[in-house]
> 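Handing you a structure now.
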Amino acid sequence: MGLGSLTGVDIKGERHPFLYTPQSKLWSATTLPWMAFGYNTLISPLAIAMLYNAVANDGVMMKPYLVSAFAKEGQIIKQIEPTKLRTIADSTVIKKLQSLVYGVCNDKHGTGYTLLKDLPFKLCGKTGTALVADGKNGYSSKIYQSAFAGYFPADDPQYTCVVEIVNKPHAAHYYGAAVAGPVFKEIAERLYTLYVRRNNPNHYAGLDSLKKVASDYSFVGKTSSFKTVANTLGWKYQYATKDEDAIWSRFYNNNQPESYLAPLGSVQTGFKKGLNGNKMPDLSGMGLKDALYICEGLGLKVDVKGFGRVSKQSLDAGAPVEKGQVVQLYLGDPPKQST
């Protein structure tokens with residue numbers, strides 16, 4: 001598999017991997033068992049990514065590179081082409097490996113299942129947790145390295161990713177699925193949304209199951225953002241008011257889950273061309289960032305309590321406001337009424 005050699009990536013400073021062989025002076029009867037679960041080896045994340053990439057690529061390992069081309073004054077003078085290094089195993093072994101890393105993430109007994117079960121697409125990967133030596137303290141510091149490596153989407157691999165995190169001594173959480181897994185998941189979601197689905201419309205079908213979940217919803221934000229989301233996903237929508245040029249809007253489904261896409265109505269008609277005005281807008285359902293932007297634009301001082309989206313405001317919608325006036329915004333669950 002070439003894991004004992006340099007990857008040959010086009011950047012200086014690559015360190016040679018540490019990998020025992022039977023010819024090594026430190027080879028013993030326990031070396032192979034320890035290597036089986038990640039010890040007695042030091043292999044770079046790049047080399048691990050190459051290995052997973054080869055599994056996703058039906059056994060073909062490719063040489064990694066950072067620069068795809070050199071250009072001068074807008075003209076490409078040198079193109080770097082992908083280079084095949086080797087085939088790491090026969091098709092039978094590769095198919096078994098693919099099924100194993102798929103099971104880790106998609107089988108209910110897999111270590112990554114709980115973390116990844118709500119994704120609208122499937123991915124393949126493996127969690128990893130290793131105790132790391134801390135100089136003279138050895139392993140007594142209980143420093144763990146958490147890892148998650150894999151590729152996605154499972155049915156049409158486009159990206160390979162490796163996340164490795166070294167935890168602080170005696171960390172309360174250190175397993176790969178708990179520490180490195182969420183980082184891998186966030187990266188995968190972002191790449192899938194920005195690139196995979198954009199370039200492959202067939203992956204949009206994976207979101208159909210989410211339509212049944214959103215039976216009732218209401219969001220507040222910039223009209224342009226809602227239009228972008230709706231147009232990108234092919235959702236149909238209509239305007240609840242005639243304020244089609246309003247900057248801010250409320251996006252809701254009007255309890256019509258079968259249509260999923262909902263009317264798009266204006267939050268405040270005075271926001272068509274800016275945030276000038278002397279009336280308090282309805283901020284319910286709005287995120288704090290947008291709510292602060294609007295209130296400060298009206299000259300209001302904001303006192304915030306709680307977390308999440310705006311659930312209640314001290315100044316009623318439509319009430320007259322003046323610059324310097326204080327408004328309290330409650331986020332998350334609304335405050336309980338005192339008796």
Side-chain angles (χ1 to χ4, degrees), residues 1-56 61-64 66 85-86 88-89 93 97 100-101 103-105 109-116 123-152 159-188:
M1 294 183 181
L3 295 179
S5 306
L6 295 175
T7 66
V9 66
D10 49 341
I11 187 173
K12 292 184 178 180
E14 182 182 6
R15 295 181 62 181
H16 205 282
F18 180 83
L19 192 66
Y20 284 154
T21 68
Q23 289 74 37
S24 303
K25 293 182 179 180
L26 297 178
W27 184 273
S28 70
T30 62
T31 301
L32 274 178
W34 280 82
M35 289 174 65
F37 52 91
Y39 291 89
N40 284 334
T41 61
L42 284 175
I43 301 172
S44 71
L46 178 60
I48 295 175
M50 288 176 62
L51 179 60
Y52 277 82
N53 204 49
V55 175
M61 180 174 283
M62 306 297 292
K63 179 181 178 180
L66 302 179
L85 293 178
R86 60 183 66 85
I88 63 171
V93 174
L97 279 172
L100 290 173
V101 291
V104 169
C105 303
H109 299 296
T111 53
Y113 174 76
T114 302
L115 172 69
L116 305 170
L123 53 80
C124 297
K126 181 69 183 75
T127 61
T129 309
L131 193 60
V132 179
D134 183 26
K136 295 181 180 180
N137 295 327
Y139 296 101
S140 62
S141 298
K142 296 296 181 180
I143 298 177
Y144 286 89
Q145 177 173 283
S146 309
F148 198 109
Y151 56 85
F152 56 91
Y159 289 92
T160 298
C161 180
V162 177
V163 176
E164 292 189 5
I165 298 175
V166 177
N167 300 278
K168 64 182 181 180
H170 304 284
H173 304 284
Y174 53 83
Y175 286 114
V179 179
V183 179
F184 183 99
K185 179 181 179 181
E186 184 172 345
I187 294 173

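Heavy-atom basis, side chains included; hydrogens, waters and symmetry copies ignored. Bear in mind that the values here come from a model prediction, so they are computed numbers and not experimental data.
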> Does His16 NE2 have over 12 foreign heavy atoms under 6.0 Å away?
yes
> Drop me the distance from Asp10's CG to Lys63's NZ, to the nearest 0.5 angstrom.
7.5 Å
> Taking the side chain as every heavy atom from C-beta outward, state whether Ser146 and Asn167 have any atom pair closer than 4.5 Å.
yes
> Sequence neighbours left out, what passes side chain to side chain donor-acceptor pair (under 3.5 Å) with Ser44? Give chain and number order.
none
> To the nearest 0.5 Å, how far apart are CG in Asn40 and CG in Leu32?
9.5 Å
> Going from OG on Ser28 to OH on Tyr20, what distance comes out if it is rounded to the nearest 0.5 angstrom?
8.5 Å
> Would you call the rings of Tyr159 and Phe152 parallel, tilted or perpendicular if under 30° counts as parallel and over 60° as perpendicular?
parallel
> Quick test of your reading: applying side chain to side chain donor-acceptor pair (under 3.5 Å), list the pairs with at least one residue in residues 177-188, sequence neighbours left out, ordered by first then second residue.
Asp118-Lys185
> Hey, what do you get for CG (Leu66) to CG (Leu46), rounding to the nearest 0.5 Å?
8.0 Å
> What distance do Lys168 atom NZ and Ser141 atom OG have between them, rounded to the nearest 0.5 Å?
13.5 Å
> Are Ile48 and Glu164 side-chain neighbours, meaning at least one heavy-atom pair lies under 4.5 Å?
yes
> Tell me, with the steps shown, if Tyr175 and Thr111 meet side chain to side chain contact (heavy atoms under 4.5 Å, CB included).
CA-CA 10 Å; Tyr175 286 114; Thr111 53; over 6 Å; no
> Write down the atom of Ala49, the atom of Thr160, and the distance for their closest heavy-atom approach.
O-CG2, 3.5 Å
> Indicate the atoms forming the closest heavy-atom contact of Ser140 with Asn137, along with that distance.
OG-O, 2.6 Å
> Any idea which heavy atoms bring Ile165 and Ala180 closest together, and the distance?
CD1-CA, 4.0 Å
> Quick one, Tyr174 with Thr129, criterion side chain to side chain contact (heavy atoms under 4.5 Å, CB included). Give me CA distance, side-chain angles, the key distance, then yes/no.
CA-CA 7 Å; Tyr174 53 83; Thr129 309; 3.8 Å; yes
> Nearest 0.5 Å, please: how far is CG in Leu116 from SG in Cys105?
5.0 Å
> Side-chain contact test, heavy atoms from C-beta onward, threshold under 4.5 Å: evaluate it for Leu19 versus Met35 and give yes or no.
yes
> Looking at side-chain heavy atoms only, is the closest gap between Phe148 and Val183 below 4.5 Å?
no
> For Trp34, does the CH2 atom have more than 12 heavy-atom neighbours from other residues, nucleotides or ligands under 6.0 Å away?
no
> Under the criterion side chain to side chain contact (heavy atoms under 4.5 Å, CB included), I'd like the reasoning laid out for Val179 against Tyr144: C-alpha separation, chi angles, the key distance, then a yes or no.
CA-CA 10 Å; Val179 179; Tyr144 286 89; over 6 Å; no
> Give the intermediate values and the outcome of side chain to side chain contact (heavy atoms under 4.5 Å, CB included) for residues Met50 and Leu85.
CA-CA 10 Å; Met50 288 176 62; Leu85 293 178; 3.6 Å; yes
> Determine whether Leu115 and Phe184 make a side-chain contact, defined as any pair of heavy atoms from C-beta on separated by less than 4.5 Å.
no
> Can you name the nearest heavy-atom pair linking Val104 to Lys126, along with the distance?
CG2-CD, 3.9 Å
> Tell me the closest heavy-atom pair linking Leu123 and Ala188, and the distance in Å.
CD2-CB, 4.1 Å
> Under 4.5 Å between any side-chain heavy atoms of Tyr39 and Leu131, yes or no?
yes
> Check the surroundings of atom CG in Leu6: do more than 12 heavy atoms from other residues, nucleotides or ligands lie under 6.0 Å from it?
yes
